[in-house]
Amino acid sequence: MTLKDISNGPDWIMWVVFTIMALMSVLLLLGRGSWLIAGYNTASKEDKDKYNQKKLCRVVGVGMSVITILILIMTIWQEVLPASFATVFGVVTLVDCVVMIVMASTVCRRG
């Protein structure tokens with residue numbers, strides 16, 4: 001059984017999701033997408049000053065890029081990849097989010 005066998009929607013939806021995620025990743029990697037980061041965009045000025053905005057954007061951008069690449073892999077090779085790759089995608093996404101949260105709380109904080 002492949003990913004194609006368990007997918008329920010049209011293929012163009014995955015391409016739209018990939019495109020949106022890729023654009024958001026590029027914006028974050030350029031250090032200009034802080035408004036995309038939940039919590040940071042609604043934080044007070046004092047709380048925002050505790051973080052290096054460029055580092056935070058880049059950390060989240062790299063994390064988003066990992067998920068975006070996995071979505072691209074699943075979209076292109078859905079007829080070849082086993083259905084269990086959906087589980088791999090879920091686990092990698094979960095670990096990636098935890099790593100982003102930890103790095104945002106440690107590496108991106110100002111001394």
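This one's a predicted model, so the numbers in the text were calculated from it and none came from an experiment.
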Return the set of residues passing side-chain hydrogen bond (donor to acceptor under 3.5 Å, both in side chains) with Ser34 (not counting sequence neighbours), or none when no residue passes. Gln53
For Tyr51, the side-chain hydrogen bond (donor to acceptor under 3.5 Å, both in side chains) test, sequence neighbours excluded, returns Arg109
Can you tell which of Val59, Val62, Val60 makes a side chain to side chain contact (heavy atoms under 4.5 Å, CB included) with Met103? Val59
Taking only residues two or more places apart in sequence or in another chain, which ones pass side-chain hydrogen bond (donor to acceptor under 3.5 Å, both in side chains) with Asp49? Lys45
Atom CG of Leu27 and atom SG of Cys57: how far apart are they, to the nearest 0.5 Å? 8.0 Å
Shared hydrophobic cluster for Val16 and Ile13 (ILVMFWY, side-chain gaps under 4.5 Å): yes
Do Thr19 and Leu23 touch side chain to side chain, with heavy atoms closer than 4.5 Å? yes
Shared hydrophobic cluster, Val92 / Met64 (ILVMFWY, side-chain heavy atoms < 4.5 Å): yes
Rounded to the nearest 0.5 Å, what's the gap from CD on Gln78 to NZ on Lys4? Could you check? 4.5 Å
Within-4.5 Å side-chain heavy-atom neighbours: Phe18 and Leu70: no
Would you say Thr75 and Val17 make side-chain contact, with heavy atoms under 4.5 Å? no
Measuring only between side-chain heavy atoms, which start at C-beta, is Met100 closer than 4.5 Å to Cys97? yes
Distance in Å, Ile101 CD1 paired with Asp96 CG, rounded so as to fall on 0.5 Å steps: 10.0 Å
When you compare the side chain of Ile37 with that of Leu28, does any pair of heavy atoms fall below 4.5 Å? yes
ILVMFWY cluster, Ile69 and Val95 together (side-chain gap under 4.5 Å): no
Nearest heavy-atom pair of Ala104 and Cys108: which atoms, and what distance? O-CB, 3.5 Å
Answer whether the closest heavy-atom distance between the side chains of Phe89 and Ile67 falls below 4.5 Å. yes
To the nearest 0.5 Å, what is the distance between NZ on Lys50 and CG on Asp47? 4.5 Å
Calculate, to the nearest 0.5 Å, the distance between atoms CE and CD1 belonging to Met1 and Ile6 respectively. 7.5 Å
How about Phe85 and Thr2: do any of their side-chain heavy atoms sit closer than 4.5 Å? no
Side-chain heavy atoms nearer than 4.5 Å, only ILVMFWY residues, links allowed to pass through others: does that put Leu56 and Leu30 together? no
Minimum heavy-atom separation for Thr68 to Ser25, with atom names? OG1-OG, 3.3 Å
The test is side-chain contact (heavy atoms from CB on, under 4.5 Å); show your working for Trp77 and Leu72 and say whether it passes. CA-CA 8 Å; Trp77 291 298; Leu72 178 64; over 6 Å; no
If hydrophobic clusters are built by linking Ile, Leu, Val, Met, Phe, Trp and Tyr wherever their side-chain heavy atoms come under 4.5 Å apart, do Val66 and Leu29 end up in the same one? no
